[in-house]
There are 2 protein chains.
Amino acid sequence: MTALQDRSNYPITVDSVIFGYAEGALQVALIERERDPFKGMWAIPGGFMEGDETVEETAHRELKEETGLESIYLEQFHVCSSHGRDPRGRTITVAFFALIDSDKYHMVASQDALQAKWWPAYKLPPLAFHQDEIYQKALQALRIAVKTRPIAFELLPKFFTLTQLQILFEQLFGIAIDKRNFRRKVAKMEFIVATDKKQEGEKHRPATLYYYDQKRYKEFYNI
Amino acid sequence: MTALQDRSNYPITVDSVIFGYAEGALQVALIERERDPFKGMWAIPGGFMEGDETVEETAHRELKEETGLESIYLEQFHVCSSHGRDPRGRTITVAFFALIDSDKYHMVASQDALQAKWWPAYKLPPLAFHQDEIYQKALQALRIAVKTRPIAFELLPKFFTLTQLQILFEQLFGIAIDKRNFRRKVAKMEFIVATDKKQEGEKHRPATLYYYDQKRYKEFYNI
DNA sequence: GCAAAAGTGTTCCCAGTACACCCATGT
DNA sequence: ACATGGGTGTACTGGGAACACTTTTGC
(Lines give C-alpha, C1' and ligand atoms only; values in the text may rest on other atoms or scores of the structure.)
Protein backbone atom coordinates (compact mmCIF):
# COMPACT_ATOMS: atom_id res chain seq x y z
CA MET A 1 0.00 0.00 0.00
CA THR A 2 2.34 2.74 1.14
CA ALA A 3 6.09 3.02 1.37
CA LEU A 4 5.84 3.01 5.12
CA GLN A 5 4.86 -0.63 5.20
CA ASP A 6 8.19 -1.72 3.79
CA ARG A 7 9.91 -0.62 6.97
CA SER A 8 10.58 -2.37 10.24
CA ASN A 9 7.63 -2.25 12.60
CA TYR A 10 7.82 -2.59 16.34
CA PRO A 11 5.53 -3.50 19.22
CA ILE A 12 5.26 -0.58 21.65
CA THR A 13 4.53 -0.83 25.33
CA VAL A 14 3.58 2.00 27.64
CA ASP A 15 4.62 1.79 31.30
CA SER A 16 3.34 4.20 33.95
CA VAL A 17 5.11 4.79 37.21
CA ILE A 18 2.19 5.76 39.42
CA PHE A 19 3.06 8.05 42.30
CA GLY A 20 0.81 8.70 45.23
CA TYR A 21 1.20 10.24 48.64
CA ALA A 22 -0.25 8.80 51.80
CA GLU A 23 0.55 8.66 55.49
CA GLY A 24 3.36 11.12 55.10
CA ALA A 25 5.22 9.12 52.49
CA LEU A 26 5.61 9.12 48.74
CA GLN A 27 4.23 5.86 47.36
CA VAL A 28 4.45 3.92 44.11
CA ALA A 29 1.88 1.48 42.77
CA LEU A 30 3.27 -1.84 41.55
CA ILE A 31 1.64 -4.92 40.08
CA GLU A 32 2.51 -8.44 41.05
CA ARG A 33 3.11 -10.63 38.02
CA GLU A 34 0.88 -13.68 37.93
CA ARG A 35 2.72 -15.50 35.17
CA ASP A 36 6.11 -15.85 33.62
CA PRO A 37 8.31 -14.15 32.74
CA PHE A 38 9.19 -12.81 36.19
CA LYS A 39 6.24 -14.57 37.85
CA GLY A 40 5.84 -13.40 41.44
CA MET A 41 7.94 -10.28 40.96
CA TRP A 42 6.66 -6.77 41.13
CA ALA A 43 6.48 -4.55 38.06
CA ILE A 44 5.56 -1.10 36.90
CA PRO A 45 2.06 -1.30 35.42
CA GLY A 46 1.85 -1.07 31.67
CA GLY A 47 0.64 -2.65 28.51
CA PHE A 48 0.74 -2.69 24.77
CA MET A 49 -0.19 0.17 22.53
CA GLU A 50 -3.01 -0.96 20.28
CA GLY A 51 -4.68 0.12 17.08
CA ASP A 52 -4.53 3.82 16.35
CA GLU A 53 -4.10 4.98 19.92
CA THR A 54 -1.54 7.62 20.79
CA VAL A 55 0.88 6.71 23.56
CA GLU A 56 -0.99 9.11 25.84
CA GLU A 57 -4.23 7.30 25.10
CA THR A 58 -2.58 3.98 25.83
CA ALA A 59 -1.31 5.29 29.14
CA HIS A 60 -4.73 6.59 30.14
CA ARG A 61 -6.44 3.37 29.08
CA GLU A 62 -4.03 1.17 31.01
CA LEU A 63 -4.30 3.39 34.03
CA LYS A 64 -8.06 3.18 33.97
CA GLU A 65 -7.98 -0.59 33.56
CA GLU A 66 -5.63 -0.99 36.48
CA THR A 67 -6.81 1.63 38.94
CA GLY A 68 -10.21 2.68 37.67
CA LEU A 69 -9.04 6.27 37.59
CA GLU A 70 -9.59 8.77 34.82
CA SER A 71 -8.35 12.32 34.29
CA ILE A 72 -5.04 11.54 35.93
CA TYR A 73 -1.97 13.68 35.41
CA LEU A 74 0.39 11.83 33.07
CA GLU A 75 3.72 12.89 31.67
CA GLN A 76 6.04 10.94 29.43
CA PHE A 77 9.68 11.00 30.36
CA HIS A 78 11.65 8.32 28.55
CA VAL A 79 11.83 5.84 25.72
CA CYS A 80 13.62 2.58 26.36
CA SER A 81 14.53 0.53 23.33
CA SER A 82 17.33 -1.63 24.72
CA HIS A 83 17.37 -5.35 24.05
CA GLY A 84 16.73 -8.22 26.39
CA ARG A 85 14.26 -6.63 28.74
CA ASP A 86 11.39 -8.89 27.77
CA PRO A 87 12.49 -12.46 27.07
CA ARG A 88 9.40 -13.00 24.91
CA GLY A 89 10.65 -10.56 22.32
CA ARG A 90 11.72 -7.04 21.68
CA THR A 91 9.53 -4.09 22.55
CA ILE A 92 9.96 -0.35 22.51
CA THR A 93 8.76 1.09 25.79
CA VAL A 94 7.48 4.60 26.36
CA ALA A 95 7.56 5.43 30.07
CA PHE A 96 5.21 7.84 31.83
CA PHE A 97 4.82 8.94 35.36
CA ALA A 98 1.35 9.40 36.79
CA LEU A 99 0.35 11.50 39.79
CA ILE A 100 -2.76 10.65 41.70
CA ASP A 101 -4.61 12.22 44.54
CA SER A 102 -4.59 10.05 47.63
CA ASP A 103 -8.10 11.23 48.40
CA LYS A 104 -9.56 9.66 45.31
CA TYR A 105 -7.69 6.41 45.34
CA HIS A 106 -7.24 4.81 48.67
CA MET A 107 -3.87 3.39 48.67
CA VAL A 108 -2.61 1.65 51.71
CA ALA A 109 -5.71 -0.47 51.85
CA SER A 110 -4.49 -2.77 49.13
CA GLN A 111 -6.40 -6.04 49.38
CA ASP A 112 -7.15 -5.47 45.76
CA ALA A 113 -8.62 -7.60 43.09
CA LEU A 114 -6.23 -5.62 40.89
CA GLN A 115 -3.05 -7.20 42.27
CA ALA A 116 -1.82 -3.63 42.62
CA LYS A 117 -0.11 -2.55 45.81
CA TRP A 118 1.38 0.65 47.08
CA TRP A 119 5.01 0.63 48.06
CA PRO A 120 6.99 3.38 49.77
CA ALA A 121 8.88 5.10 46.99
CA TYR A 122 12.24 4.62 48.68
CA LYS A 123 11.74 0.96 49.62
CA LEU A 124 10.67 -0.77 46.44
CA PRO A 125 11.24 -4.48 45.86
CA PRO A 126 13.39 -5.56 42.89
CA LEU A 127 11.42 -4.98 39.72
CA ALA A 128 10.66 -7.32 36.83
CA PHE A 129 11.88 -6.57 33.30
CA HIS A 130 14.88 -4.73 34.76
CA GLN A 131 12.63 -1.75 35.33
CA ASP A 132 14.75 -0.41 38.18
CA GLU A 133 16.53 1.95 35.84
CA ILE A 134 13.26 3.26 34.45
CA TYR A 135 12.03 3.83 37.97
CA GLN A 136 15.11 5.86 38.83
CA LYS A 137 14.55 7.97 35.74
CA ALA A 138 10.93 8.44 36.78
CA LEU A 139 12.00 9.79 40.15
CA GLN A 140 14.44 12.20 38.53
CA ALA A 141 11.87 13.32 35.98
CA LEU A 142 9.29 13.82 38.72
CA ARG A 143 11.68 15.98 40.74
CA ILE A 144 12.50 18.17 37.77
CA ALA A 145 8.83 18.41 36.81
CA VAL A 146 7.78 19.40 40.33
CA LYS A 147 10.40 22.14 40.40
CA THR A 148 9.34 23.40 36.99
CA ARG A 149 5.58 23.14 37.01
CA PRO A 150 2.82 23.34 39.61
CA ILE A 151 2.05 19.63 39.63
CA ALA A 152 2.82 18.68 43.22
CA PHE A 153 -0.83 19.49 43.91
CA GLU A 154 -1.83 16.53 41.75
CA LEU A 155 -0.58 14.36 44.61
CA LEU A 156 -2.67 16.13 47.22
CA PRO A 157 -6.38 16.36 47.87
CA LYS A 158 -8.07 19.52 46.69
CA PHE A 159 -7.82 21.03 50.16
CA PHE A 160 -4.57 20.39 51.98
CA THR A 161 -2.61 21.69 54.93
CA LEU A 162 0.74 23.39 54.69
CA THR A 163 2.30 20.60 56.69
CA GLN A 164 1.07 18.07 54.13
CA LEU A 165 2.59 20.16 51.37
CA GLN A 166 5.85 20.52 53.26
CA ILE A 167 6.20 16.81 53.99
CA LEU A 168 5.46 16.05 50.35
CA PHE A 169 8.39 18.21 49.27
CA GLU A 170 10.60 16.71 51.92
CA GLN A 171 9.72 13.27 50.61
CA LEU A 172 10.16 14.19 46.97
CA PHE A 173 13.62 15.64 47.45
CA GLY A 174 14.77 13.69 50.47
CA ILE A 175 15.52 16.80 52.49
CA ALA A 176 14.38 18.47 55.69
CA ILE A 177 12.70 21.84 55.33
CA ASP A 178 12.37 24.48 58.04
CA LYS A 179 8.71 25.07 58.82
CA ARG A 180 8.88 28.84 59.19
CA ASN A 181 10.94 29.39 56.07
CA PHE A 182 8.65 27.11 54.10
CA ARG A 183 5.56 28.95 55.21
CA ARG A 184 7.02 32.33 54.50
CA LYS A 185 7.83 31.19 51.00
CA VAL A 186 4.38 29.73 50.44
CA ALA A 187 2.82 32.95 51.72
CA LYS A 188 4.44 34.81 48.82
CA MET A 189 2.88 32.42 46.32
CA GLU A 190 -0.51 33.98 45.87
CA PHE A 191 -1.77 30.93 44.00
CA ILE A 192 -1.65 28.83 47.16
CA VAL A 193 -4.76 30.15 48.79
CA ALA A 194 -5.90 29.84 52.40
CA THR A 195 -9.55 29.00 53.02
CA ASP A 196 -11.48 29.56 56.20
CA LYS A 197 -11.86 25.81 56.52
CA LYS A 198 -10.00 23.82 59.11
CA GLN A 199 -8.82 20.26 59.19
CA GLU A 200 -11.19 18.07 61.19
CA GLY A 201 -10.91 14.94 63.26
CA GLU A 202 -7.34 15.38 64.40
CA LYS A 203 -6.42 15.21 68.04
CA HIS A 204 -4.63 18.55 68.03
CA ARG A 205 -5.11 22.12 66.92
CA PRO A 206 -6.83 22.01 63.51
CA ALA A 207 -4.78 23.25 60.58
CA THR A 208 -5.96 25.76 58.00
CA LEU A 209 -6.81 24.20 54.64
CA TYR A 210 -5.35 25.63 51.43
CA TYR A 211 -5.96 25.03 47.75
CA TYR A 212 -4.07 25.58 44.53
CA ASP A 213 -5.61 28.18 42.22
CA GLN A 214 -4.47 27.69 38.64
CA LYS A 215 -5.85 31.02 37.46
CA ARG A 216 -3.82 32.89 40.06
CA TYR A 217 -0.80 30.79 39.17
CA LYS A 218 -0.98 31.99 35.59
CA GLU A 219 -1.49 35.59 36.65
CA PHE A 220 1.41 35.28 39.05
CA TYR A 221 3.80 34.26 36.29
CA ASN A 222 2.12 36.23 33.48
CA ILE A 223 1.26 33.16 31.45
CA MET B 1 5.98 -17.57 17.25
CA THR B 2 5.53 -15.45 20.35
CA ALA B 3 2.61 -13.70 21.89
CA LEU B 4 4.17 -10.36 21.06
CA GLN B 5 3.56 -10.84 17.36
CA ASP B 6 -0.19 -10.82 17.82
CA ARG B 7 -0.05 -7.20 18.84
CA SER B 8 -0.14 -3.99 16.84
CA ASN B 9 3.24 -3.03 15.44
CA TYR B 10 4.27 0.44 14.45
CA PRO B 11 6.89 2.11 12.25
CA ILE B 12 9.15 4.31 14.34
CA THR B 13 10.99 7.39 13.13
CA VAL B 14 13.75 9.23 14.91
CA ASP B 15 14.09 12.99 14.37
CA SER B 16 17.10 14.98 15.59
CA VAL B 17 16.98 18.71 16.13
CA ILE B 18 20.63 19.60 15.50
CA PHE B 19 21.84 22.67 17.34
CA GLY B 20 25.04 24.49 16.53
CA TYR B 21 26.50 27.85 17.38
CA ALA B 22 28.24 30.09 14.92
CA GLU B 23 28.80 33.78 14.36
CA GLY B 24 27.33 34.66 17.70
CA ALA B 25 24.02 32.92 17.07
CA LEU B 26 22.39 29.64 17.96
CA GLN B 27 21.74 27.70 14.77
CA VAL B 28 19.60 24.74 13.73
CA ALA B 29 20.29 22.37 10.84
CA LEU B 30 17.33 21.70 8.57
CA ILE B 31 16.90 19.58 5.46
CA GLU B 32 15.06 20.70 2.37
CA ARG B 33 12.59 18.09 1.21
CA GLU B 34 13.17 17.01 -2.38
CA ARG B 35 9.92 15.14 -2.82
CA ASP B 36 6.37 15.09 -1.61
CA PRO B 37 4.93 15.22 0.92
CA PHE B 38 5.94 18.78 1.77
CA LYS B 39 8.29 19.05 -1.21
CA GLY B 40 10.38 22.23 -1.00
CA MET B 41 9.71 22.74 2.69
CA TRP B 42 12.31 22.48 5.41
CA ALA B 43 12.28 19.70 7.94
CA ILE B 44 14.07 18.37 10.98
CA PRO B 45 16.42 15.62 9.81
CA GLY B 46 15.36 12.11 10.70
CA GLY B 47 14.63 8.67 9.44
CA PHE B 48 13.22 5.28 10.18
CA MET B 49 14.35 2.96 12.90
CA GLU B 50 15.49 -0.27 11.30
CA GLY B 51 16.19 -3.83 12.34
CA ASP B 52 17.29 -4.30 15.90
CA GLU B 53 18.67 -0.82 16.42
CA THR B 54 17.91 1.11 19.58
CA VAL B 55 16.51 4.58 19.07
CA GLU B 56 19.86 6.00 20.13
CA GLU B 57 21.60 3.94 17.44
CA THR B 58 19.10 5.15 14.87
CA ALA B 59 19.75 8.75 15.87
CA HIS B 60 23.51 8.34 15.61
CA ARG B 61 23.26 6.55 12.27
CA GLU B 62 21.01 9.20 10.76
CA LEU B 63 23.22 11.94 12.08
CA LYS B 64 26.27 10.36 10.55
CA GLU B 65 24.51 9.87 7.22
CA GLU B 66 23.39 13.47 7.13
CA THR B 67 26.34 15.35 8.58
CA GLY B 68 29.19 12.85 8.58
CA LEU B 69 29.66 13.40 12.29
CA GLU B 70 30.16 10.73 14.91
CA SER B 71 30.37 10.91 18.69
CA ILE B 72 27.85 13.69 18.84
CA TYR B 73 25.96 14.56 22.00
CA LEU B 74 22.40 13.30 21.64
CA GLU B 75 19.53 13.38 24.09
CA GLN B 76 15.98 12.18 23.60
CA PHE B 77 13.27 14.52 24.77
CA HIS B 78 9.87 13.55 23.40
CA VAL B 79 7.70 10.93 21.74
CA CYS B 80 5.10 12.14 19.29
CA SER B 81 2.42 9.66 18.32
CA SER B 82 -0.30 11.97 17.11
CA HIS B 83 -2.12 11.26 13.87
CA GLY B 84 -1.92 13.03 10.57
CA ARG B 85 1.64 14.24 10.67
CA ASP B 86 2.78 12.09 7.76
CA PRO B 87 0.12 11.76 5.06
CA ARG B 88 1.75 8.53 3.88
CA GLY B 89 0.78 6.76 7.07
CA ARG B 90 1.12 6.73 10.76
CA THR B 91 4.47 6.74 12.49
CA ILE B 92 5.61 7.01 16.07
CA THR B 93 8.37 9.59 16.31
CA VAL B 94 11.07 9.73 18.95
CA ALA B 95 12.66 13.18 19.00
CA PHE B 96 16.25 13.95 20.00
CA PHE B 97 18.30 17.06 20.16
CA ALA B 98 21.91 16.99 19.04
CA LEU B 99 24.66 19.43 19.99
CA ILE B 100 27.59 19.90 17.69
CA ASP B 101 30.79 21.83 17.88
CA SER B 102 30.95 24.56 15.29
CA ASP B 103 34.66 23.94 14.92
CA LYS B 104 34.16 20.45 13.59
CA TYR B 105 31.25 21.07 11.30
CA HIS B 106 31.37 24.23 9.33
CA MET B 107 27.96 25.54 9.30
CA VAL B 108 27.24 28.74 7.56
CA ALA B 109 29.05 27.51 4.50
CA SER B 110 26.15 25.42 3.35
CA GLN B 111 26.56 24.69 -0.31
CA ASP B 112 26.03 21.15 0.65
CA ALA B 113 25.49 18.02 -1.27
CA LEU B 114 23.49 17.07 1.80
CA GLN B 115 20.69 19.59 1.23
CA ALA B 116 21.25 20.57 4.86
CA LYS B 117 21.38 24.22 5.83
CA TRP B 118 21.88 26.10 9.03
CA TRP B 119 19.17 28.45 10.15
CA PRO B 120 19.22 30.91 13.04
CA ALA B 121 17.38 29.18 15.85
CA TYR B 122 14.94 32.05 16.30
CA LYS B 123 14.19 32.58 12.61
CA LEU B 124 13.24 29.17 11.27
CA PRO B 125 11.03 28.75 8.21
CA PRO B 126 7.75 26.87 8.61
CA LEU B 127 8.53 23.18 9.02
CA ALA B 128 7.20 20.15 7.19
CA PHE B 129 5.24 17.42 8.99
CA HIS B 130 4.01 20.02 11.48
CA GLN B 131 7.31 19.75 13.27
CA ASP B 132 7.09 23.28 14.69
CA GLU B 133 5.73 21.93 17.95
CA ILE B 134 8.54 19.39 18.23
CA TYR B 135 11.04 22.14 17.62
CA GLN B 136 9.59 24.25 20.42
CA LYS B 137 9.84 21.28 22.75
CA ALA B 138 13.44 20.78 21.64
CA LEU B 139 14.29 24.36 22.59
CA GLN B 140 12.67 23.94 25.99
CA ALA B 141 14.40 20.61 26.59
CA LEU B 142 17.74 22.11 25.56
CA ARG B 143 17.33 25.00 27.99
CA ILE B 144 16.51 22.70 30.87
CA ALA B 145 19.36 20.35 29.95
CA VAL B 146 21.88 23.20 29.75
CA LYS B 147 20.83 24.41 33.20
CA THR B 148 21.05 20.92 34.64
CA ARG B 149 24.14 19.42 33.03
CA PRO B 150 27.44 20.73 31.68
CA ILE B 151 26.55 20.29 28.02
CA ALA B 152 26.77 23.84 26.73
CA PHE B 153 30.42 23.06 25.98
CA GLU B 154 29.28 20.57 23.35
CA LEU B 155 28.31 23.58 21.28
CA LEU B 156 31.71 25.22 21.59
CA PRO B 157 35.18 24.38 20.31
CA LYS B 158 37.48 22.73 22.80
CA PHE B 159 39.10 26.08 23.56
CA PHE B 160 36.75 29.01 23.81
CA THR B 161 36.67 32.56 25.13
CA LEU B 162 34.46 33.73 27.95
CA THR B 163 32.69 36.07 25.58
CA GLN B 164 31.78 33.13 23.36
CA LEU B 165 30.41 31.29 26.36
CA GLN B 166 28.48 34.32 27.51
CA ILE B 167 26.90 34.99 24.13
CA LEU B 168 25.96 31.32 23.88
CA PHE B 169 24.01 31.58 27.13
CA GLU B 170 22.44 34.84 26.04
CA GLN B 171 21.30 33.14 22.84
CA LEU B 172 20.04 30.02 24.58
CA PHE B 173 17.90 31.89 27.07
CA GLY B 174 17.16 35.03 25.12
CA ILE B 175 18.52 37.31 27.82
CA ALA B 176 21.29 39.86 28.27
CA ILE B 177 23.99 39.00 30.79
CA ASP B 178 26.27 41.46 32.55
CA LYS B 179 29.87 40.77 31.60
CA ARG B 180 31.39 41.32 35.03
CA ASN B 181 28.81 39.28 36.88
CA PHE B 182 29.14 36.49 34.34
CA ARG B 183 32.91 36.36 34.65
CA ARG B 184 32.83 36.42 38.42
CA LYS B 185 30.47 33.48 38.38
CA VAL B 186 32.57 31.54 35.90
CA ALA B 187 35.67 32.23 37.99
CA LYS B 188 34.10 30.30 40.85
CA MET B 189 33.54 27.28 38.62
CA GLU B 190 36.88 25.59 38.85
CA PHE B 191 36.01 23.25 36.01
CA ILE B 192 36.12 26.10 33.50
CA VAL B 193 39.87 26.43 33.23
CA ALA B 194 41.95 29.27 31.81
CA THR B 195 44.88 28.38 29.58
CA ASP B 196 47.84 30.57 28.74
CA LYS B 197 46.69 30.54 25.11
CA LYS B 198 45.18 33.58 23.50
CA GLN B 199 42.73 33.97 20.70
CA GLU B 200 44.49 34.80 17.41
CA GLY B 201 43.65 36.68 14.27
CA GLU B 202 41.21 39.14 15.75
CA LYS B 203 41.59 42.85 15.20
CA HIS B 204 41.48 43.69 18.87
CA ARG B 205 42.97 42.63 22.17
CA PRO B 206 43.22 38.82 22.16
CA ALA B 207 41.05 36.97 24.65
CA THR B 208 42.23 34.23 26.98
CA LEU B 209 41.12 30.74 25.92
CA TYR B 210 39.39 28.43 28.39
CA TYR B 211 38.39 24.79 28.35
CA TYR B 212 35.91 22.61 30.19
CA ASP B 213 37.48 19.99 32.44
CA GLN B 214 35.08 17.14 33.13
CA LYS B 215 37.21 15.64 35.88
CA ARG B 216 37.19 18.90 37.79
CA TYR B 217 33.46 19.20 37.20
CA LYS B 218 32.87 15.90 38.94
CA GLU B 219 35.17 16.81 41.80
CA PHE B 220 33.45 20.16 42.11
CA TYR B 221 30.06 18.55 42.62
CA ASN B 222 31.34 15.40 44.34
CA ILE B 223 30.07 13.06 41.66
C1' DG C 1 45.73 57.59 17.52
C1' DC C 2 41.68 55.18 16.73
C1' DA C 3 38.53 51.35 16.73
C1' DA C 4 37.17 47.19 19.03
C1' DA C 5 36.67 44.01 22.29
C1' DA C 6 39.12 42.26 26.79
C1' DG C 7 39.25 42.62 31.34
C1' DT C 8 38.29 44.27 36.16
C1' DG C 9 35.49 46.01 41.83
C1' DT C 10 32.09 47.81 44.62
C1' DT C 11 27.59 48.50 46.36
C1' DC C 12 22.89 47.06 47.06
C1' DC C 13 19.19 44.05 47.81
C1' DC C 14 16.69 39.97 48.21
C1' DA C 15 16.25 35.17 49.00
C1' DG C 16 17.75 31.47 51.65
C1' DT C 17 18.96 29.79 56.27
C1' DA C 18 19.19 29.14 61.14
C1' DC C 19 16.79 29.16 65.21
C1' DA C 20 12.61 28.69 69.81
C1' DC C 21 8.47 29.57 71.69
C1' DC C 22 3.33 30.12 72.38
C1' DC C 23 -1.41 28.45 70.68
C1' DA C 24 -5.52 25.61 69.90
C1' DT C 25 -7.48 21.43 70.21
C1' DG C 26 -8.57 16.34 71.91
C1' DT C 27 -8.19 13.25 75.58
C1' DA D 1 -3.07 18.95 82.82
C1' DC D 2 -0.85 17.08 79.18
C1' DA D 3 0.19 15.57 74.57
C1' DT D 4 0.25 16.89 69.77
C1' DG D 5 1.01 19.28 65.99
C1' DG D 6 -0.26 24.46 64.32
C1' DG D 7 1.47 28.71 63.82
C1' DT D 8 4.71 32.80 64.15
C1' DG D 9 9.58 36.77 63.80
C1' DT D 10 14.29 38.14 63.60
C1' DA D 11 19.03 38.28 62.44
C1' DC D 12 22.67 36.67 59.36
C1' DT D 13 24.73 35.56 55.08
C1' DG D 14 25.71 34.71 50.30
C1' DG D 15 24.38 35.18 45.55
C1' DG D 16 22.43 37.94 41.94
C1' DA D 17 22.02 42.54 39.84
C1' DA D 18 23.39 47.17 38.63
C1' DC D 19 26.91 49.95 37.07
C1' DA D 20 31.92 52.49 34.04
C1' DC D 21 36.42 52.66 33.10
C1' DT D 22 41.25 51.06 31.75
C1' DT D 23 43.97 47.77 28.83
C1' DT D 24 45.63 45.46 24.84
C1' DT D 25 45.77 44.55 20.36
C1' DG D 26 45.26 45.47 14.88
C1' DC D 27 45.07 48.81 11.57
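Every chain is numbered from 1, with letters handed out A, B, ... down the list of sequences. In this text the structure is predicted, and so the values were computed from the model without any measurement.
- Across all strands, A:Thr208 comes closer than 4.0 Å only to sugar-phosphate atoms, never to a base (heavy-atom distances).
- Aromatic pair B:Phe129/B:Phe38: centroids less than 6.0 angstrom apart.
- Distance NZ (B:Lys185) to C1' (D:dG16): 8 Å, rounded to an integer number of Å.
- The separation between A:Phe182 atom CZ and D:dG6 atom P is 12 Å, rounded to whole Å.
- One can place CD of A:Gln199 at 17 Å from P of C:dA24, the figure rounded to the nearest angstrom.
- A:Ile177 has its CD1 atom 16 Å from the P atom of D:dG7, to the nearest Å.
- One interatomic measurement links the two molecules: CD of A:Glu202 to C1' of C:dT25, which rounds to 11 Å at whole-angstrom precision.
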Run B:Arg33 and B:Lys39 through side-chain contact (heavy atoms from CB on, under 4.5 Å) and show every step you take.
CA-CA 5 Å; B:Arg33 288 195 55 82; B:Lys39 183 176 172 181; 5.5 Å; no
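- In this structure, A:Tyr212 has its ring center no closer than 6.0 Å to that of A:Phe160.
- The nucleotide whose nearest atom lies closest to any side-chain atom of B:Asn181 is, among C:dC19, C:dG7, C:dG9, C:dG9.
- Contact annotation: A:Thr163 does not reach the phosphate of D:dG5 (side-chain N/O to OP1 or OP2, under 4.0 Å).
- Residues A:Ser82 and B:Thr54 bring no donor and acceptor atom of their side chains to less than 3.5 Å of each other.
- Mapping A:Arg205 and B:Arg183 onto DNA chain C by nearest heavy atom places B:Arg183 at the nucleotide closer to the 5' end.
- We find that NZ of A:Lys203 is positioned 7 Å from P of D:dG5, with the value rounded to whole Å.
- Ring orientation note: the planes of A:Tyr73 and A:Phe97 are tilted relative to one another, at an angle of 30° to 60°.
- Each of A:Lys188 and A:Pro206 was matched to the nucleotide of DNA chain C holding its nearest heavy atom; the match closer to the 5' end belongs to A:Lys188.
- Per the geometry, CD belonging to A:Glu200 stands 15 Å off P belonging to D:dG6, to the nearest Å.
- Within 3.5 Å, a donor on the side chain of A:Arg184 pairs with an acceptor on the base of D:dT10, or the reverse.
- When the P atom of C:dA5 is taken as reference, atom CZ of B:Arg180 falls 18 Å away, rounded to whole Å.
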